[in-house]
Structure formats: C-alpha cells, structure tokens
Amino acid sequence: MSFSSVYEPQKEEKKIYKLWEKSGLFNPDNLKKAKKSYCIIMPPTNANGNLHIGHALGMGIEDIMIRYHRLKGEKTLWLPGTDHAGFETQVVFEKHLEKEGKSRFDMKREDFYKAVWDFTQTNRKGIRDQIKKLGASCDWSREKFTLDKDIIKIVYDTFKKLYADGLIYRGERIVNYCTKHRTAFSDLEVNHILRQDKLFYVKYEFKNEPGKFITVATTRPETIPGDVAIAVNPKDERYKKLIGDYVIEPITQREIPIIADILVEIEFGTGALKITPAHAADDFEIGQRHHLEIRKTLDTNGRFNELSGPLVGLKVNEAREKAIEILNQNNALEKIEDYEHQVGVCYKCGNVIEPMLMEQWFIALKKPIASKQNKSLSDLALSAIKTGQVKIYPKRFEKVYFHWLKNIHDWNISRQIWWGIPIPVYYCQEIKNEVCQKSKGIIISDKEIKKCPYCSSINLIKDQDTFDTWFSSGQWPFATLKTQKNKKDFQAFYPTGTMETGYDILFFWVARMVMLGLYATDQVPFKDVYLHGLVRDQSHQKISKSKGNVIDPLDMITKYGSDALRIGLIINNAPGNDLVLSEDKIKGYRNFANKIWNASRFTMMNLGSDFQPKKFDIKYIKTPSDKKIIKQLKDTIKKTTVMMDSYRFYQAGDVLYHFFWHKFCDQYIESAKKQMTDSKKIEATKQVLYHVLSQNLIILHPFMPFVTEAVWQSFKNKKQSILMAQNWPKP
RNA sequence: GGGCGCGUAGCUCAGUUGGUUAGAGCGUUCGCUUGACGUGCGAAAGGUCACAGGUCCGAAUCCUGUCGCGCCCACCA
C-alpha cells in the first residue's frame, strides 16, 4: 500500500471493504468465542429506490455500535435486509408506469406483481452496493427480504395465532379510505391538516308540519342522501319534544326520524346532528346503537352511487357543489358560515380521506389476552417500556410512546393493493353446516384450497387484499433470526441489543415490533431503542424526493470519502434531534481523515523499517510530553468508553477528534520531533508514538473505519491482521 | 383539543446528575509554514446562553410565566 501525501478515499475504500468481506469477520460464526453476544437487526431498507442521506446516518450509527461491540470481543451480528414496502413500492412503481403512459389497471394482477418483483430485486442489488460503500460491516450471508418464503410463513403463523386467540377479526367498520389510491389505511397513514371550509346550515322539514324545520350544521352536504336520522342530545331542552318525529331529508326526500343520543354536543352548531352511518365514525356508532339502516352512497371508486339520487356519478367535490345547488333550489339552506377545521388527508397524495364503511381485517389492541395475564397487545407494549425491559434513547420519546399507546384504536391491517403479502383467507360462500357457520365461513389457509374444509362447498372466494407492510416488518426481529440456516441464531441473538431507527417511525414500526415480538416470542425484540433525527437541508426542509432536495450520500462519498460523510452526520448530532446537513462540515472531516493518514505516515517514516513494536511499558515514558500524552490517552479511552456505552456517539466522536488532532498531532508529534533528535530518547519515543497511534486507530475505527483500517494495513507486521478485529483498550 | 421539543458566537450545533475565564466545526481577521498534512501551524475577534421572575453560596442547566419557532397525536358534525 503506497503512502501518498494525501489520503485518497476512493482509492482505498473498495479494497478495504473487500478485505473485510474476505476476512469473514462480519459473520459472528467466525469470531472468537465470547460470553456476550450483540445483535442489531438492520431496519429493512425499502426496495423501491436508492439509499438517501437518512440511511447514511442510520447505517453510520449502527455500524459504530457494531464495530464497537466487535472490538470489545462480543459475538456481534448485524443482520441486513430489505423490505418489499407494499404500498410505498406500489406507489413508486405506478409512477414509473405513469411515465410510460401506463397504469396498473391496464395490467393483469399477476403481471403487475411480477413486474414489481423484478423492480425490487434490481433495487436490492443497488442497495447492497450502496450499503457497502457506507462501510457497513453487516453479515451478508444472513440477509433477508420481507417476501422470502420463510419470512412469509412466519407472518402467516403469527396471523393464525392472533386469529386463534381472537385478536384478529374481520369487521365492517369505518375506515380511512383514499379514493385516489383506492385502499384503506390505518390511522397512522392519515395526516390532519387545518383547512378553511364552509359550515352549511341545512333545514329538514317536518313530515307532519310542513313549513316547520329542524336545522342541522354540516360540512358535508353531499352525504345528505346517506342520512338515516337526525340526532339530538336527550338533555337538550330545545329538541326534547321533537324526539320521535320524522323529517324529510332534503335531497332525496326520504323520511328520517329524530333520535336522541348523548354523543351529540348541545353547544356545537345547532345541537342537531345528521346521522350518516356509512360515512362518519361517530354516526356509525350512533347508528349501531339505534339499529339504524346503513346507506353507503359513496363507492370505492370515489363516486356517488344511485342511492344518492341526483348526485349519482359525481366525485365528492362535484357532489358537494351539486348538493348545495339542490338545497338552494329547495330552499333548504338556511345559511353558510366560514369554518376552520382539521381534515384527514392521505399521507401520500394529500387527497381527503373518506371515512368509509368497509369490511377489513383488524387487530384488537385493547383486548385482554388470556395467555398473557389478560394484558392486551398495547398493555404488553406499554409495560415493556415501563419496566425498563426496553429503553428508548432519548428518553423523552418514552412519553410520546405512552401517549400514543394509551389512546390507540384497533389496527386495520388489510390493504386493497396488489403488491404485498396476500391475506391468507378464503370465504365460503355457501356455509352449509353449523361448523362452517360458527367460523362465519372464514377459512385461514396459506395454501391454495378448492373446497371449504368445514362444509365442503366449492364456492370459495379468496381474499383479494394484502397486509399492511408494517404487519410483516413488525415481526422482523424474530422473523429474521428464526429463519436463518444457523438454527442457533434465535437463541444466540434474541432479544437483540439495539434497534436503531428514525423517530418518525416510532409508532409505525417500533411500537408494533414490541407488541408483536412480545406476543409471538414472549420476549422483547430488543433491549434498547436508539432514535436518530431527520436530516434536513440548508433551509431546514425535510429531505424528500417530492421536494427535489435529495442529497445523494454516494455523491458525498465520492467527493469526501465514506468516513467523512459518516462522522459529518454523527458528531454533535444528539439522538432524536434533526440535523441540518452541511457539506462544509463533511469537508472538515475529510480533512480529519487526511490528518489521520498523515500523522500515520509521519509515524511510519520515523519508526523506520526495522522498528519492532513492544508491549507498552511505563519505562518508555521519558519526558513530560510522553507522560502527558499517555495520561491523555488513558483519559480519552475512559471517557469515550463511557460515552459509547451510553449511546453518546455524537460526543465520543468529538472527543476522539480532539484528542487525535490537537493533543496527539499538534502537541505530541511536535514534541516527538525534538525528542527523536536525542539518541537517548529515540527508541522510547518511537514506542510511545506507535502505542498512542495504534490505540488511536482502534478507538477511532468505529467512527472512521476505512482510513483507520487503511493505515493499519500499511503498518501491519505479520502478527496483526485486521484492525476491525483488534481489542478495544481497557479503560 | 391533547402532547413533545426548541430558542447558546455570522451559520450549523454540543454542553447528563447546577460548580472555576460557556465549547466545536465552518466562516472572518492577523501572522507563520519548501519536507507528516497543497486539506498544515499559531493567534485573535465574536455570546447580557429568547425574555421576566423564582430556588440556591452558585443557573445556559432546576421551577413558574411571557414571547417566538417546530414537531407529533386526535373519528366532534
């Protein structure tokens, strides 16, 4: 390895990564025996594109932890993987189709699936290369994909178990439906935005007293044909005597009753609420209570159907216009007020989410589970944190986590999309006997079946939906470990050590992993959670493709090197805090890599070819400078070890930087230059130089793996093979 | 409607149990530097730690309030 006067990362990094891979040391099976083991499951990267700068941050932190634990001599496993990312990937792929002027609706479902499959496999290759460029020391022999057959098998097993325990049910509920994407979502995929709207005061005429009205305030006049009642609060003096009367709904002219329900707020609007059970959650609840008819007037294609009379065929916004027009004609509009309120929109396309009554699969999160001391899934997830079995860094997110879990509703896990894990269910259409009746005709089967196992009917319908991606990725820690060739992996590495991910998926993913992990394995999936922040651009905007402000980590690596990018993202970036990416900062750390390179070059040149490193001994300390640097080294090791053990990498990196540059280089090397002119001190000084430098390389290695290894390789004598596998110094 | 957080040098941020002159990187200014480092060295300027009270021997740090900013959660028409 030649030692040019400038460190050239692009020349070294590829070689170094190959050297590591060849050594086999990413695989814990090849590491020395150890009492302790440590494992990180890599958050599976979405197989629908390239890595972005946020991945570089996460992977960097994970690699620091992994390399640190490996240096400490633990059996260390970092298990990589990719996620099929159902809805996300389908959307990305459909955009590609759109560019070609195509749509998935022009394709057969199987052909579409095949095309997306190929798309993800191509992306997986690219992602692997990118992860390698980041220097990630993960064990590629254990890589998993969320659509691996054995993973799907585990997902199905969990589904079956949940169903058997009565924790999964099929039910007709009001769900969040996006008419553009034509799928339902869980509550988490709905964003709420503040919107300026209108509040319409609509008059409903009494059946028996023409000319007399009850007025209702609504933001959604287009849903009037779905009305089945007017509800008032039973305590409302204004309306008490009207309860039981009938009024005429003013668009399709149906008679509907006035009912009483405590859910109605006396103060709001006129105190009278129109009840549309198929298209509003509260209304559905009230409808159930009063056994009201359900009128679904909006179809899943986003258009109103014949039940809505004159609004038939119209989209929501068009129907609203039309409804207002009709109400005006019928003289049924009392007044219109400006109204500011929160509206749920699709997190992906921003279109208004329609509350729709649909049959979907739900996970009951609040239902007591007999086999878990009557704790519910959300209870399990809550107590894992409360008892400290799982700790979150930074701690403030524990509060956020509690708050969410305490107020959680059942989780809709079915999606009306094509790309994903199919829901393994058939519905018997005949239900010919009691057994079948008891099962409600629901047959859970992950194999193709032609006949109902209960009543032998051949009239079966396969469920067309797929799982919410988070249902499968929520099982990722145990699923990936249980499906390894090495059958001891689960035993050896579960619960895993640390889950490192972004705070933005605390609910989507972390909470679900805790729930499903505890449910399926009776153990927490990980002991610690480290949450990093979001990377933002110079104007503090969240980086995203749609904003066009993406920063390609590979560009940064090409310009400044992988190590510089890594610590540029990590130093001084406390967990849970967003970070404004600064190219200048990365540039500054490129200089640091160069400094390491040159200090090493200086040392090597001065040691000479016949230098024999000895075990460091106090007798080599000859001068105050020697004494000082040795003490500072010791302090630095002590300090950084504490920091590393408490997830303060952002501080440890800073401490190491200063020690190396300003203490070792600026002070000690300068003294050493003088000392080496004194023949009595030459040998001792060389030993100190070598000792301090080599210790530095070890403790810097998790942060700057490439340059430290490159230097180490230049230094190596026959005994020392690879820096990655050295021993972290004892503090 | 509920919750979380932030406001420290021109910019981006550290500052973990409250303790000597508040730190870093980048930027700025002034020197130096032909052999480790064209990416180096030395030095300097720059902060009433948002504001107002309070606790304390002592507060950027703890408490209360005010102002400004951001984020998250939420089936009120």
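Reminder, nothing fancy here: chain letters follow the sequence lines and each chain counts from 1.
- A/S694 and A/N696 form no side-chain donor-acceptor contact under 3.5 Å, judged by distance and modelled atom types alone.
- Here, B/rC62 and B/rU17 have their C1' atoms 12 Å apart, quoted to the whole Å.
- Residue contacts shown for A/L506 are absent, as no nucleic acid heavy atom lies under 4.0 Å away.
- Remark: A/W661 is in phosphate contact with B/rC41, judged by side-chain N or O atoms under 4.0 Å from OP1 or OP2.
- Annotation: B/rA9 and B/rG47 have their C1' atoms spaced 5 Å apart (nearest Å).
- Of the P atoms belonging to B/rU39 and B/rG46, the separation is 28 Å, rounded to the nearest Å.
- Contact of A/K595 with B/rC37 (side chain to base): a donor-acceptor pair of N or O atoms is detected under 3.5 Å.
- Looking at heavy-atom distances under 4.0 Å, A/R590 makes contact with a base.
- Judged by distance alone, the side chain of A/R566 and the main-chain N or O of A/P702 form a donor-acceptor pair under 3.5 Å.
- Within the structure, a side-chain polar atom (N or O) of A/N577 is placed less than 4.0 Å from OP1 or OP2 of B/rA14.
- A donor-acceptor contact closer than 3.5 angstrom links the side chains of A/D197 and A/H341.
- Atom pair A/M644:CE and B/rU16:P shows a separation of 19 Å (rounding to whole Å applied).
- Rounded to whole angstrom, the span from the CG atom of A/D504 across to the C1' atom of B/rC73 amounts to 15 Å.
- For A/F284 and B/rC76, the CZ to C1' distance is 18 Å, given to the nearest whole Å.
- One side chain, A/Y201 or A/E337, offers a donor N or O that lies under 3.5 Å from an acceptor on the other.
- A side chain to side chain donor-acceptor pair (under 3.5 Å) with A/E670 is found for exactly one of A/K674, A/Q667, A/K673, namely A/K673.
- A cation-pi arrangement is absent between A/K391 and A/Y647, since the terminal nitrogen or guanidinium carbon is not both under 6.0 Å from the aromatic centre and inside a 45° cone about the axis.
- Looking at heavy-atom distances under 4.0 Å, A/Q651 makes contact with a base.
- To the nearest whole angstrom, the two C1' atoms, one in B/rU55 and one in B/rG18, are 12 Å apart.
- Judged by distance alone, with hydrogens and angles left aside, A/K673 brings a side-chain donor or acceptor within reach of the base of B/rA36, the pair sitting under 3.5 Å.
- Comparing A/L199 and A/Q342 by the nucleotide of RNA chain B that holds the closest heavy atom to each, the one mapping nearer the 5' end is A/Q342.
- The residue A/F397 sits apart from the nucleic acid: no heavy atom pair falls under 4.0 Å.
- With RNA chain B read from its 5' end, the first of the two nearest nucleotides for A/Y7 and A/E265 is the one closest to A/Y7.
- Judged by a 6.0 Å distance limit and a 45° cone about the ring axis, A/K595 is not positioned over the six-membered ring of A/Y589.
- Counting distance only, with no hydrogens placed and no angle test, the side-chain atoms of A/Y650 and the base atoms of B/rU16 include a donor-acceptor pair under 3.5 Å.
- Where pairing requires Watson-Crick or G-U contacts shorter than 3.5 Å, the helical stems of RNA chain B with at least three consecutive pairs are B:1-7 with B:67-73, B:10-13 with B:23-26, B:28-32 with B:40-44, B:50-54 with B:62-66.
- For the P atoms, the distance from B/rG10 to B/rU66 is 29 Å, rounded to whole Å.
- To the nearest angstrom, P of B/rC72 lies 18 Å from CG of A/L405.
- Counting to the nearest Å, the P atom of B/rC71 and the CZ atom of A/R536 are 7 Å from each other.
- The phosphate of B/rC75 has OP1 or OP2 within less than 4.0 Å of a side-chain N or O from A/H409.
- The closest side-chain donor-acceptor pair between A/Y7 and A/N598, if any, does not fall under 3.5 angstrom.
- Base engagement by A/L273 is indicated by at least one non-hydrogen atom pair under 4.0 Å involving a base atom.
- Between the P atom of B/rC41 and the CZ atom of A/F664 lies a distance of 14 Å, rounded to the nearest Å.
- Here the C1' atom of nucleotide B/rG10 and the CG atom of A/D584 are 13 Å apart, to the nearest Å.
- No side-chain donor from either of A/D187 and A/W411 sits under 3.5 Å from a side-chain acceptor of the other.
- Looking at heavy-atom distances under 4.0 Å, A/F507 makes contact with sugar-phosphate atoms alone, never a base.
- If you measure from atom CG of A/D645 to atom C1' of B/rU16, you get 15 Å, rounded to the nearest angstrom.
- Side-chain N/O atoms of A/K399 include one lying less than 4.0 angstrom from OP1 or OP2 on B/rG5.
- One finds a side-chain N or O of A/R601 lying less than 4.0 angstrom from the OP1 or OP2 phosphate oxygen of B/rC37.
- Residue A/H192 is classed as a base contact, given a heavy-atom separation below 4.0 Å to a base.
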